[in-house]
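Since this is a predicted model, take the numbers as computed values, not measurements. Computed over heavy atoms, backbone and side chain alike; hydrogens, waters and symmetry mates excluded. Heads up: numbering here begins at 1 and tracks the sequence.
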Amino acid sequence: MDLFETMETCRAMRRLKPDPVPDELIARILQAGTCAPSGGNAQKWRFLVLKDRKVKEAVTAWYKKAYDEIIGPRYSSVAPPPGVSPEKFKRQHDAVHYLTDHFADAPVWIVACLDTGANHNAAAGASIYPAVQNMVLACRAVGLGTTLTNRHMFFQKEVDQALGLPEGVHSYAILPIGYPMGKFGPVKRAPLDAVVYQDKWGQAYRG
């Protein structure tokens, strides 16, 4: 698959089948993650492949709490993002709700972590999120669905403990992975002239 086609059709897949995912595909996805850049090429990323239902359910309890207290109310009070109609925004919200209820049903999770030691801060994400995006694109390339979610970080300390992460290691994203119930297709985004400026802030892009 052409790289640009992969990116342009890489929809967030929040409804996933419970069917098993071959280990060799997960290995390819992880390999794609390790091809990403990291600060100073330190490669302090760590990836936890999670299939244990009990651990997933323990994390899901915090994931659902974040939905009930923060994400759900936010969806009900904000306008649709650029390029998304109110109807499609409602479908997106429904899919987010579905994933919340079925988070533990995804056959495989990849939990993207960083071994930051005492230097745990938001800027450290620059050394893990490129790897996460590589894995999202790799999932699309092999026909698997996923979505980048870091909602659990509202309760990161509790989730890291439920995951059994050692001191100094923190989770930055969870990729629930499985075969999608829906179909891949063009992503909906704002046009370039709405988000790109040239030479001066607010000046139209002339590309």
Side-chain angles (χ1 to χ4, degrees), residues 10-36 38 43-71 95-117 120 122 124-125 127-182:
C10 192
R11 287 178 174 171
M13 291 295 181
R14 300 181 176 92
R15 292 184 173 91
L16 304 172
K17 299 176 183 178
D19 305 20
V21 174
D23 289 336
E24 55 268 27
L25 293 185
I26 297 300
R28 290 187 68 187
I29 293 163
L30 291 163
Q31 187 66 45
T34 63
C35 290
S38 60
Q43 302 176 54
K44 291 192 175 183
W45 46 49
R46 300 293 183 266
F47 304 104
L48 176 62
V49 177
L50 192 55
K51 300 181 183 181
D52 188 309
R53 177 79 190 200
K54 289 181 66 175
V55 177
K56 288 193 290 184
E57 287 179 349
V59 172
T60 295
W62 293 105
Y63 192 75
K64 188 175 188 307
K65 182 177 175 65
Y67 178 87
D68 292 340
E69 297 181 1
I70 303 166
I71 303 301
V96 170
H97 194 179
Y98 180 93
L99 178 62
T100 302
D101 288 342
H102 297 272
F103 199 42
D105 296 334
V108 182
W109 290 3
I110 294 178
V111 185
C113 308
L114 273 178
D115 185 355
T116 58
H120 179 48
S127 288
I128 187 64
Y129 289 124
V132 173
Q133 181 63 7
N134 271 16
M135 292 190 291
V136 169
L137 293 173
C139 285
R140 171 66 187 98
V142 299
L144 291 169
T146 192
T147 185
L148 191 173
T149 178
N150 62 0
R151 182 201 309 171
H152 73 282
M153 292 179 70
F154 286 112
F155 300 102
Q156 187 178 39
K157 181 179 179 180
E158 293 84 353
V159 169
D160 287 355
Q161 184 175 4
L163 291 168
L165 302 185
E167 190 74 22
V169 176
H170 302 280
S171 58
Y172 279 73
I174 299 175
L175 297 182
I177 298 173
Y179 290 101
M181 293 182 183

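Heavy atoms of other residues, nucleotides or ligands lying less than 6.0 angstrom from CD of Glu57 number more than 12. Counting non-hydrogen atoms of other residues, nucleotides and ligands closer than 6.0 Å to CZ of Arg28 gives a total of 12 or fewer.
With rounding to the nearest 0.5 Å, the separation of OG1 in Thr116 from NZ in Lys44 is 8.5 Å. Taking SG of Cys35 as the reference point, atom CE of Met135 lies at 11.5 Å (rounded to 0.5 Å). Here OG1 of Thr146 is found 11.0 Å from CG of Leu137. Values are rounded to the nearest 0.5 Å. Here the CD1 atom belonging to Ile174 is positioned 11.5 Å from the OG1 atom belonging to Thr147, to the nearest 0.5 angstrom.
The ring-ring contact (aromatic ring centres under 6.0 Å, His included) search around Tyr98 returns His102, not counting sequence neighbours. By the side-chain contact (heavy atoms from CB on, under 4.5 Å) test, Ala27 pairs with no residue at all, sequence neighbours left out. Partners of Pro22 under the side-chain contact (heavy atoms from CB on, under 4.5 Å) rule, at least two apart in sequence or in another chain, are Glu24, Leu25, Tyr179. Under the side-chain contact (heavy atoms from CB on, under 4.5 Å) criterion, Leu16 pairs with Met13, Ala106, Pro176, not counting sequence neighbours. Residues passing the ring-ring contact (aromatic ring centres under 6.0 Å, His included) test with Phe103 are Tyr63, Trp109, sequence neighbours excluded.
Residue pairs satisfying the salt bridge (Lys or Arg N to Asp or Glu O under 4.0 Å) criterion with at least one member in residues 134-152, sequence neighbours excluded, are absent. Under the salt bridge (Lys or Arg N to Asp or Glu O under 4.0 Å) criterion, no residue pair touches residues 155-174, with sequence neighbours excluded. Sorted by first and then second residue, the salt bridge (Lys or Arg N to Asp or Glu O under 4.0 Å) pairs with a member in residues 59-68 read Lys64-Asp68, Lys65-Glu69; sequence neighbours excluded. Identified under the salt bridge (Lys or Arg N to Asp or Glu O under 4.0 Å) test for residues 98-108, with sequence neighbours left out: Arg53-Asp105.
Residues Tyr172 and Leu114 form a side-chain contact, since some pair of their non-hydrogen atoms from C-beta on lies under 4.5 Å apart. Looking at His170 and Leu165, their side chains never come closer than 4.5 Å, going by heavy atoms from C-beta outward. Within the 4.5 Å cutoff, the side chain of Leu163 has heavy atoms near those of the Val59 side chain. A heavy-atom distance below 4.5 Å is found between the side chains of Val132 and Leu175. Using a 4.5 Å heavy-atom cutoff, the side chains of Cys139 and Ile177 are in contact. Inter-residue side-chain proximity for Phe154 and Val159 is flagged as unmet; no heavy-atom pair is nearer than 4.5 Å. Between Pro180 and Arg15 the shortest side-chain heavy-atom distance does not fall below 4.5 Å. No side-chain heavy atom of Pro20 sits under 4.5 Å from any side-chain heavy atom of Pro107.
The two residues Leu148 and Ala173 make their nearest non-hydrogen contact at CD2-CB, 4.1 Å. Of all non-hydrogen atoms in Ile128 and Cys113, the two that sit nearest each other are CD1-O, 3.5 Å. Of all heavy-atom pairs spanning Ala131 and Gly33, the tightest one is CB-O, 3.3 Å.
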Listed pairs under 3.5 Å, donor-acceptor, residues 45-52 side chains, sequence neighbours left out:
unit_1 : atom_1 : unit_2 : atom_2 : d
Arg46  : NH1    : Gln43  : O      : 3.2
Lys51  : NZ     : Asp23  : OD1    : 2.6
Asp52  : OD1    : Lys54  : N      : 2.9
Asp52  : OD1    : Val55  : N      : 3.2

Does the pair Ser171 and His152 meet the rule for a side-chain contact (heavy atoms from CB on, under 4.5 Å), with working shown?
-> CA-CA 9 Å; Ser171 58; His152 73 282; 2.9 Å; yes

